[in-house]
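For reference, the structure discussed in these notes is given below.
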Amino acid sequence: MREIVTLQIGGAGNAIGDAFWHVISHEHGVDYASGRFGGTSPLQLERINVFFNATASKRFYARTIIIDTEAATIQRLNVSSQLYRPENFVAGSESAGNNFARGYHTDGAEILDQVLDNTRREVESVDSLQGFQLLHSIGGGTGSGLTSLIMEALVEQYPDNLLCNYVTIPSPNMSQVVVEPYNALLSIPALVNNSHLTFCLDNEALFQICNRNLKIRMSGYEHINHIVALTMSGITTCLRFPGQLNAGLRKIYVNMVPFPRLHFLIPGFAPLVTCKQQQFSKGTVSELVQQIFSSNNLLCAIDLRKGKLLTAAGIFRGRMSPREVDQLMTGVRNKNLHNFVDWIPNNIKTAICDIPPRGLKMSATFIGNTTAIQSLFQRLLDGSTIMLRRKAHLHWYTGEGMEEQEFIDAQQELQAIIDDYRSSGGDTSEGGENDADSGDDAAATSSGAQCQYCGGD
């Protein structure tokens with residue numbers, strides 16, 4: 001069995017992680033509150049060990065380390081479910097205060113050894129470790145600073161295993177922290193040099209999905225965390241269930257990353273619709289393919305038309321014909337050749353899992369490696385440059401042991417990634433008038449999610 005160890009770090013990472021365990025525990029028939037198996041199919045148990053450990057009392061617990069510099073934020077998880085092992089909660093004595101330097105140099109460094117000890121215990125309990133899954137935001141102090149520290153230690157101690165990051169990236173229109181640009185900037189070198197797969201998430205895109213596609217008024221982060229959890233469930237579905245065409249973590253890495261540094265991926269999910277919209281949906285594979293190539297269904301606020309796809313993958317769930325899926329995915333590429341780089345001839349991968357998600361007959365998860373992501377990096381670079389030019393708020397970082405040169409080095413690293421993506425796509429800086437969405441107008445109205453958004457089940 002190829003197991004995965006999850007580390008959820010900081011407030012955002014733990015919120016997304018909790019939603020993820022809600023979703024996959026239900027898919028595997030494990031009760032979230034008690035950790036006991038109540039499923040009806042042997043397929044639910046066949047590969048349950050990828051994410052869960054079994055106890056002698058026939059209970060299951062999540063193979064995850066819950067980490068935060070502030071204890072109060074993770075105490076709720078400890079009392080809400082027996083799915084989490086009490087020893088795997090690692091908390092500091094004081095919050096990192098939205099400061100990368102405190103997460104990396106002071107408060108985070110104090111709990112690093114405890115994090116690594118717990119991780120080592122989980123690693124030693126599995127038969128064949130596939131890799132690590134890290135959930136975090138790079139806008140706060142813990143998710144940026146402590147995660148960078150943990151990644152460096154994991155790469156040193158487990159050099160043969162993959163590091164897969166699900167990263168919430170700050171958005172200027174949804175900003176809650178003034179120093180977010182600094183924290184995000186300082187996280188980039190660790191993500192570039194230590195991560196193997198980085199899935200980029202954006203609160204702005206997620207809120208737009210809720211408002212535009214799902215027509216729900218937002219009062220918190222529950223809905224957007226659930227959308228992220230559904231997408232993570234789709235990406236990992238081939239690790240957890242048998243299928244006609246499989247895609248393990250390393251297979252995704254090999255097929256999606258043409259060069260080691262260009263591993264920043266954009267995830268998407270379909271269908272993302274309300275129950276009422278679902279009644280008017282065709283429910284066909286063709287409709288799913290149309291939607292996953294729509295920018296409206298991406299979990300990151302970028303426009304696929306502004307760049308070229310280096311590689312793309314579609315992970316489908318439900319009963320469907322592999323031949324039909326291959327034909328439709330190839331058809332998208334053939335109709336939109338100008339939106340794909342020409343130096344990778346067969347750059348679309350498909351995978352099919354027979355087990356659909358809860359409440360749906362079929363679904364699709366999109367993973368794209370596109371040069372359009374340079375606009376997101378440029379946004380981070382511009383935001384930090386404006387502040388750094390006047391040295392605004394810099395004293396909070398230098399006071400914790402950092403030097404101004406570290407900011408300059410991080411900016412150079414970020415600029416290098418932008419240049420790498422720009423050169424990979426050729427003339428992508430000019431954008432494109434044509435559309436890789438394969439019907440963006442239709443998908444804008446028919447893109448969709450799950451029943452619980454409108455009170456159904």
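What you see is a predicted model, and the numbers here were worked out from it, not measured in a lab. If you read the sequence from its start, that first residue is 1, and numbering goes on from there. Worth knowing before you read on, the calculation uses all heavy atoms, side chains too, and leaves out hydrogens, waters and symmetry mates.
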To the nearest 0.5 Å, what is the distance between [atom1] on [X] and [atom2] on [Y]?
X      : Y      : atom1 : atom2 : answer
Ile373 : Cys200 : CD1   : SG    : 4.0 Å
Ser80  : His22  : OG    : NE2   : 6.5 Å
Asp419 : Leu414 : CG    : CG    : 10.0 Å
Leu304 : Ser294 : CG    : OG    : 8.0 Å
Arg261 : Asn193 : CZ    : CG    : 6.5 Å
Asp420 : Gln415 : CG    : CD    : 10.0 Å

(request) Would you please test Gln208 and Arg212 for side-chain contact (heavy atoms from CB on, under 4.5 Å) and show each step? (result) CA-CA 6 Å; Gln208 283 178 358; Arg212 180 186 58 232; 3.8 Å; yes

Mark yes or no for whether [X], through its side chain, and [Y], through its backbone, hold a donor-acceptor pair below 3.5 Å.
X      : Y      : value
Asn14  : Ile67  : yes
Gln44  : Glu27  : yes
Asn161 : Phe132 : no
Arg59  : Gln82  : yes
Arg102 : Gly108 : no
Trp396 : Ala101 : no
Thr142 : Leu146 : no
Glu70  : Glu94  : no
Thr371 : Gly307 : no
Ser81  : Tyr32  : yes

(request) Test side-chain contact (heavy atoms from CB on, under 4.5 Å) on Leu77 and Phe89 and set out the steps. (result) CA-CA 9 Å; Leu77 298 184; Phe89 284 82; 4.0 Å; yes

Should [X] and [Y] count as side-chain neighbours, where that means a heavy-atom distance under 4.5 Å?
X      : Y      : answer
Val228 : Phe20  : no
Phe51  : Ile24  : yes
Leu299 : Phe366 : no
Thr119 : Ile150 : no
Thr236 : Gln133 : yes
Gln411 : Leu381 : yes
Val179 : Tyr397 : yes
Gln157 : Val123 : no

When you compare the side chains of [X] and [Y], does any donor N or O come within less than 3.5 Å of an acceptor on the partner?
X      : Y      : value
Asn53  : Glu122 : yes
Arg333 : Asn347 : yes
Asp326 : Thr350 : yes
Gln114 : Asn118 : no
Ser195 : Asn165 : yes

(request) Could you give me the CA-CA distance, side-chain angles and deciding distance for Thr365 and Thr237, then say whether side-chain contact (heavy atoms from CB on, under 4.5 Å) is met? (result) CA-CA 10 Å; Thr365 306; Thr237 188; over 6 Å; no

For the student: nearest non-hydrogen atoms of [X] and [Y], plus distance:
X      : Y      : value
Leu310 : Tyr421 : CD1-CE2, 4.0 Å
Met256 : Ala313 : SD-CB, 3.6 Å
Leu388 : Leu394 : CD1-CD1, 3.7 Å
Gln8   : Ile66  : NE2-CG1, 3.6 Å
Arg379 : Ser171 : NH2-CA, 4.0 Å
Gly139 : Asn183 : O-ND2, 2.8 Å

(request) Check whether more than 12 heavy atoms from other residues, nucleotides or ligands sit under 6.0 Å from atom CD of Glu403, and answer yes or no. (result) no

(request) Indicate the ring-plane relationship of Phe407 and Tyr182, choosing parallel, tilted or perpendicular according to the 30° and 60° boundaries. (result)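 Perpendicular, since the angle between the ring planes exceeds 60°.
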
(message) Please verify the inter-ring angle class for Tyr166 with Phe199; under 30° counts as parallel, over 60° as perpendicular, anything in between as tilted.
(response)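 Tyr166 and Phe199: parallel rings.
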
(request) Check the pair Thr147 / Ser187 against side-chain contact (heavy atoms from CB on, under 4.5 Å), numbers first and verdict last. (result) CA-CA 8 Å; Thr147 303; Ser187 300; over 6 Å; no

(message) Under the side-chain hydrogen bond (donor to acceptor under 3.5 Å, both in side chains) test against Ser233, which residue among Arg240, His26, Arg358 passes?
(response)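 Among the candidates, only Arg240 passes.
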
(message) What I want to find out is whether Glu87 reaches Arg121 closely enough, with some N-O distance under 4.0 Å, to be called a salt bridge.
(response) no

(request) State yes or no: are the ring centers of Phe52 and Trp21 separated by less than 6.0 Å? (result)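 Yes, the ring centres sit under 6.0 Å apart.
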
(request) Could you tell me if the ring centre of Phe241 sits under 6.0 Å from that of His28? (result)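 When the ring centroids of Phe241 and His28 are compared, they turn out to be within the sub-6.0 Å range.
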
